Number of protein chains: 2
Amino acid sequence: MASNLKKKAGKREVIIKEAAFLFKEKGYGSASMRDLAERVGVEAASIYSHIKSKDEILEEICFRIAGEYVSHISKIENEKSSYTDKVKAIINLHIRLMVEDAASVAVTNNDWKSLSEPKLSIFKTLRKGYEARFARLIEEGIAKKEFAPMNVSVAMFTILSSIRWVELWYNPERSITEKELEKDITNLLLKGLKK
Amino acid sequence: MASNLKKKAGKREVIIKEAAFLFKEKGYGSASMRDLAERVGVEAASIYSHIKSKDEILEEICFRIAGEYVSHISKIENEKSSYTDKVKAIINLHIRLMVEDAASVAVTNNDWKSLSEPKLSIFKTLRKGYEARFARLIEEGIAKKEFAPMNVSVAMFTILSSIRWVELWYNPERSITEKELEKDITNLLLKGLKK
DNA sequence: CCTACCGATCGGTAGG
DNA sequence: CCTACCGATCGGTAGG
């Protein structure tokens, strides 16, 4: 009985997790609910006992990831540390999420445009808020002479998107560890390519 | 007569151009040929006088962009310049293509996975070849002590993907010019955020 | 969770 | 380039 309940509660998670893999592989628009059902191991109609719509799955994936970012940046802002360390913490956050749940991060990055209203607008607002807070940390870092003077938006977006490739390249069988990956990316972004 | 012929030759281009905008906006899988026909201003069936299939349009977009990259890197390799300047030239190439044809670059980045075989494999091979050549330039730059020692793949992918955000942010109405954008991104990647 | 099925929409073709 | 239409597949529902 208890195991039955647990199985049922877990099924929704299984569906969302498999959906993340599927959407990452094929793209949201090209993935069908029948594809998803096959991966989960049930008939297509059965999926709908656990979720309301294909849309809802995308929402769940995108807002979970967005929530992760937003909740962590508050902590980083409040830490008593240098701006260099705050930016390092943000880079670290993005790499960690990417390594821990590459599929969901990839889907959020690639398919958030397929969100339907009003969720699309809410997502955009969340993202803009996050970006504004990150931009402010860079701005303050420049003001405190920790960072070189430069266009704040350019710096922020360059850092944010520079981590996206990890999705395509990194897998646990690589000879490089997450720690090394993080160190190399952070060094490159903070100190540059040049010797 | 001559104008009729020209009109016909141009129509295929119009279709591919509109498709790039459409695919960028909605994603390849979520965009329909009826959407595309409406943008072009004809009935859905009429599209097929100019192209064979939806697939073919995606192929055309992805391989044109891939071709741009591949043809330019040969020139860069053969230039008698420092490795720093070669890397700068590659960054410049990516920014220029992104600014000139943001839609096609975005579609290539986001939807190449929807290519069907054998084009998918060919595309992957092209991309791997390009990456290998870029990686070698970084490797040689490190050997010549122009660049700091680091994992070559990490450096290459970080640089390549760091330019992707331009698609989402840049538009000609921004107060920043393409030249300034390029200078800021190049500086950040070569010298780093830190003062 | 399944069988059976719906209306809508898809990519694409025939024929003019 | 259009009208008319095809078979396949889509997301989703009814009923058990």
Side-chain angles (χ1 to χ4, degrees), chain A residues 1-23 25-62 107 111 113-117 119-120, chain B residues 1-23 25-62 107 111 113-117 119-120:
Chain A
M1 198 69 145
S3 112
N4 238 330
L5 278 171
K6 203 179 170 205
K7 230 177 179 173
K8 215 176 179 199
K11 199 71 176 219
R12 190 166 197 274
E13 280 313 301
V14 172
I15 289 168
I16 290 168
K17 200 173 170 183
E18 288 298 328
F21 282 113
L22 178 67
F23 294 169
E25 261 176 36
K26 307 188 77 164
Y28 177 76
S30 300
S32 77
M33 296 300 275
R34 280 155 180 88
D35 290 337
L36 177 56
E38 199 180 355
R39 267 176 175 273
V40 175
V42 296
E43 290 302 314
S46 307
I47 296 274
Y48 292 91
S49 333
H50 301 96
I51 53 102
K52 276 191 303 208
S53 63
K54 189 186 177 188
D55 239 72
E56 193 193 43
I57 301 176
L58 183 63
E59 286 164 15
E60 190 97 18
I61 292 170
C62 292
V107 169
D111 294 325
K113 284 178 184 172
S114 294
L115 249 18
S116 43
E117 294 292 358
K119 296 285 183 167
L120 177 59
Chain B
M1 199 72 144
S3 111
N4 236 331
L5 277 170
K6 202 177 168 207
K7 227 175 179 177
K8 210 166 184 208
K11 199 72 176 217
R12 191 167 196 272
E13 280 313 303
V14 171
I15 290 169
I16 291 167
K17 201 174 168 183
E18 288 299 328
F21 283 113
L22 178 66
F23 294 169
E25 261 176 37
K26 308 187 75 164
Y28 177 76
S30 299
S32 78
M33 295 301 273
R34 281 156 180 88
D35 290 337
L36 177 56
E38 199 181 355
R39 266 174 174 274
V40 175
V42 296
E43 290 301 314
S46 307
I47 295 274
Y48 292 91
S49 333
H50 301 96
I51 54 102
K52 277 192 305 212
S53 62
K54 188 184 179 189
D55 239 72
E56 194 195 39
I57 301 176
L58 182 63
E59 286 165 15
E60 191 97 16
I61 293 169
C62 292
V107 170
D111 293 326
K113 284 178 184 170
S114 294
L115 250 16
S116 44
E117 295 292 358
K119 298 285 182 166
L120 177 60

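Heavy-atom basis, side chains included; hydrogens, waters and symmetry copies ignored. Here the structure is a predicted model, which means the values were calculated and not measured.
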- Note on the structure: In DNA chain D, consecutive runs of at least three Watson-Crick or G-U pairs below 3.5 Å, as range with range, amount to C:1-16 with D:1-16
- Message: Can you tell me if A/Lys11 touches the phosphate of C/dC1, counting only side-chain N or O atoms and a distance under 4.0 Å to OP1 or OP2?
- Response: yes
- Message: Is it the case that the side chain of A/Lys54 and the backbone of A/Tyr28 share a donor-acceptor pair, with hydrogens and angles ignored and the cut-off at 3.5 Å?
- Response: yes
- Task: Would you confirm whether B/Arg12, through its side chain, and B/His50, through its main-chain N or O, come within 3.5 Å as a donor-acceptor pair?
- Result: yes
Please tell me which of the listed nucleotides, [options], lies nearest to the side chain of [X]?
X: A/Ser32; options: D/dC2, C/dG12, D/dC10; result: D/dC10
X: B/Ser46; options: D/dC1, D/dG12, C/dG11; result: D/dC1
X: A/Arg34; options: D/dG12, C/dG12, D/dC2; result: D/dG12
X: A/Glu43; options: D/dC1, C/dG12, C/dT3; result: C/dT3
X: A/Ala45; options: C/dA4, D/dT3, D/dG11; result: C/dA4

Rounded to whole angstrom units, what separation is found between the [atom1] atom of [X] and the [atom2] atom of [N]?
X: A/His50; N: D/dG12; atom1: NE2; atom2: P; value: 16 Å
X: B/Lys54; N: D/dA8; atom1: NZ; atom2: C1'; value: 15 Å
X: A/Tyr48; N: C/dC5; atom1: OH; atom2: P; value: 19 Å
X: B/Glu56; N: C/dG11; atom1: CD; atom2: P; value: 15 Å
X: B/Asp35; N: D/dC10; atom1: CG; atom2: P; value: 18 Å
X: A/Glu38; N: D/dT9; atom1: CD; atom2: P; value: 13 Å
X: B/Leu36; N: D/dC1; atom1: CG; atom2: C1'; value: 15 Å
X: B/Met33; N: C/dT9; atom1: CE; atom2: P; value: 18 Å

- Query: Quick check: are there more than 12 heavy atoms from other residues, nucleotides or ligands sitting under 6.0 Å from NZ of B/Lys113?
  - Reply: yes
- Task: Take atom CD of B/Glu25 as the centre, draw a 6.0 Å sphere, and report whether it contains more than 12 heavy atoms from other residues, nucleotides or ligands.
- Result: yes
- Message: Once you apply a heavy-atom cut-off of 4.0 Å, does B/Ala37 come out as touching a base, just sugar-phosphate, or nothing?
- Response: nothing
- Item | Intermediate values then yes/no, side chain to side chain contact (heavy atoms under 4.5 Å, CB included), B/Asp111 and B/Ile61 | CA-CA 10 Å; B/Asp111 293 326; B/Ile61 293 169; over 6 Å; no
- Go through B/Glu59 and B/Ile51 one step at a time and tell me if the side chain to side chain contact (heavy atoms under 4.5 Å, CB included) criterion holds. CA-CA 11 Å; B/Glu59 286 165 15; B/Ile51 54 102; over 6 Å; no
- For A/Lys52 and A/Glu60, run salt bridge (Lys or Arg N to Asp or Glu O under 4.0 Å): C-alpha distance rounded to whole Å, both residues' side-chain angles, the deciding distance at 0.1 Å, then the answer. CA-CA 11 Å; A/Lys52 276 191 303 208; A/Glu60 190 97 18; over 6 Å; no
